[in-house]
Number of protein chains: 2
Amino acid sequence: MPTPPRTSLDAITAAGGAILETRGLAGLTMQAVAQRVGVKAPSLYKHVADRDALVGLVADAAAQDLATHLEGSEGLAGLARALRTWATAHPARFRLVFSGQGSPEVAAAAGAPLLKAARELVGPTHKLSAARLVTAWATGFISMELAGAFQLGGDVNEAFEYGIAQLTAALRAS
Amino acid sequence: MPTPPRTSLDAITAAGGAILETRGLAGLTMQAVAQRVGVKAPSLYKHVADRDALVGLVADAAAQDLATHLEGSEGLAGLARALRTWATAHPARFRLVFSGQGSPEVAAAAGAPLLKAARELVGPTHKLSAARLVTAWATGFISMELAGAFQLGGDVNEAFEYGIAQLTAALRAS
DNA sequence: ACCTGAACACCGTTCAAGT
DNA sequence: ACCTGAACACCGTTCAAGT
């Protein structure tokens, strides 16, 4: 006899996002998600192929969250600072978005504003390479910062602003 | 009655490195390492605190492997290319080295040549920020490349060389 | 049509018992 | 002093049985 679903893909994705935030990627288990949506773990497989697929959904939701967060900002400097602010507030989400576990399309959509900013600074010939320069730097910098890789002291904020200034100048001059 | 050790920290670390290479970080289990050194998993805890510590040792070994690989290269361009070559040949090692799971000292030692190259291009005032600009870009670029994040087509090699050229010019001009 | 309990094959880790 | 088997608490995943 058919019975109505007691949960949904949206509820599962939202629960996954909340658990990612509080317990990290390792804490994002099928059992934890199931408990949060009020169901037993095996039931999740009626909505999701496996854990990897669930993680992918959470990654896409995080990428969309990032995209809306970037909406208010403009220009290379503004976008880079907004990205860093968001990453600092949601480190697990940031790592997941840039780990390649989500769908490439959604990740590309989140990166579109930065691509546009690069295009406005540089000629059309190198716009893609310029966008890759900027995104690689920004995500690399923030990843290292979150990983605690800046061990040699100095002012990390200053280094970030230095990067913005150097890249802006370099792209303008090219 | 005292018995001689049937394995060693070096053997365990080497086994971990080999498994990381072939089966990835998820395949780097206590059982897999134990089997490879000819012992049962619980015995590993006589040599290593827990799995995290073992992963840290493997990360440090990978960082030292990277350091020796970089020895032949000089200058920002040469070092960046050597880093990318090594990362492409050993993606799991690269990710582990820059994930912050190893000891900060060893990771810093591996990054020292790049820091030196930056220092030679830029004045002493901004040498640390310049080094962080270059390492953030290089590791970010390679991470994105390994994650398959460059979805928009175009020539990835060209984008890498473009980054080298822009950063070199920017640091020289400052 | 969805949910559940039970089961399976795996983890990391602890610990008493062997040598 | 090191190694082992057995055990514990967890994983992800499958599947027959319930409703």
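Here is the naming used below: chain letters follow the sequence lines, and residue numbers restart at 1 for every chain.
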> Is there a side-chain polar atom (N or O) of A:Ser43 under 4.0 Å from OP1 or OP2 of C:dT4?
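Yes, A:Ser43 has a side-chain N/O under 4.0 Å of OP1/OP2 on C:dT4.
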> Which atom pair, heavy atoms only, marks the closest approach of A:Gln101 to A:Ala59?
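Shortest heavy-atom contact: C-CB, 4.4 Å.
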> Rounded to whole Å, please give me the gap between CG in B:Asp52 and C1' in C:dC11.
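In whole Å, C:dC11 C1' lies 14 Å from B:Asp52 CG.
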> Can you measure B:Tyr45 atom OH to C:dC15 atom C1' for me and round it to whole angstrom units?
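My rounded result for the distance is 13 Å.
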> Using a 3.5 Å limit for the pairing distances, which stems of at least 3 consecutive Watson-Crick or G-U wobble pairs does DNA chain C take part in?
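When the pairs of DNA chain C are grouped into runs of at least three, the stems are C:4-8 with D:12-16, C:12-16 with D:4-8.
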> Find the distance A:Lys46:NZ to D:dT19:C1' and express it as a whole number of Å.
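One finds 14 Å between C1' of D:dT19 and NZ of A:Lys46, rounded.
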> Linking directly or through intermediates, with side-chain heavy atoms under 4.5 Å: list the remaining ILVMFWY members grouped with A:Leu115, chain and number order.
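Grouped by the 4.5 Å side-chain rule, A:Leu128, B:Leu152 form the rest of the cluster around A:Leu115.
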> With B:Arg84 as the cation and B:Phe160 as the aromatic partner, state whether NZ or CZ is under 6.0 Å from the six-membered ring centre and within 45° of the axis.
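Yes; both conditions hold, so B:Arg84 lies above the ring face of B:Phe160.
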> Of all the heavy-atom pairs spanning B:Ala32 and B:Arg23, show the shortest one and how long it is.
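Scanning both residues, the minimum pair turns out to be CB-NH1, 4.1 Å.
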> Which nucleotide sits closest to the side chain of A:Lys40: D:dC2, C:dG5, D:dG12?
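Closest nucleotide to the A:Lys40 side chain: C:dG5.
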> Do you know the tightest heavy-atom contact between B:Asp65 and B:Thr68?
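For B:Asp65 and B:Thr68, the tightest heavy-atom pair comes out as O-OG1, 2.8 Å.
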> Could you grab the distance from atom OG1 of A:Thr13 to atom NE2 of A:His47, nearest 0.5 Å is fine?
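That separation rounds to 11.0 Å.
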> On a heavy-atom basis, which atom in A:Val122 and which in A:Ser174 lie closest, and how many Å separate them?
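Of all heavy-atom pairs spanning A:Val122 and A:Ser174, the closest is CG2-OG, 3.1 Å.
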> Among residues 5-39 of chain B, which ones have heavy-atom contacts with DNA chain C below 4.0 Å?
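When residues 5-39 of chain B is checked for heavy atoms under 4.0 Å from DNA chain C, the hits, listed by number, are B:Thr29, B:Met30, B:Gln31.
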> Please give, in whole Å, the distance from D:dG12 P to A:Arg51 CZ?
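Whole-Å distance recorded here is 6 Å.
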> Using whole Å, report how far CG of B:Leu44 lies from P of D:dC3.
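B:Leu44 atom CG is separated from D:dC3 atom P by 9 Å.
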> Go nucleotide by nucleotide along DNA chain D from the 5' end; which of B:Pro4 and A:Pro42 gets its closest nucleotide reached first?
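Nearer the 5' end of the strand: B:Pro4.
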> So, for B:Tyr162 and B:Phe141, is the gap between ring centers shorter than 6.0 Å?
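Centroid separation for B:Tyr162 and B:Phe141: 6.0 Å or greater.
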> Is any side-chain nitrogen or oxygen of B:His47 closer than 4.0 Å to OP1 or OP2 of D:dC3?
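The answer is yes; a side-chain N or O of B:His47 sits under 4.0 Å from OP1 or OP2.
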> Test side chain to side chain contact (heavy atoms under 4.5 Å, CB included) on A:Val134 and A:Leu171 and set out the steps.
CA-CA 10 Å; A:Val134 174; A:Leu171 296 189; 3.8 Å; yes
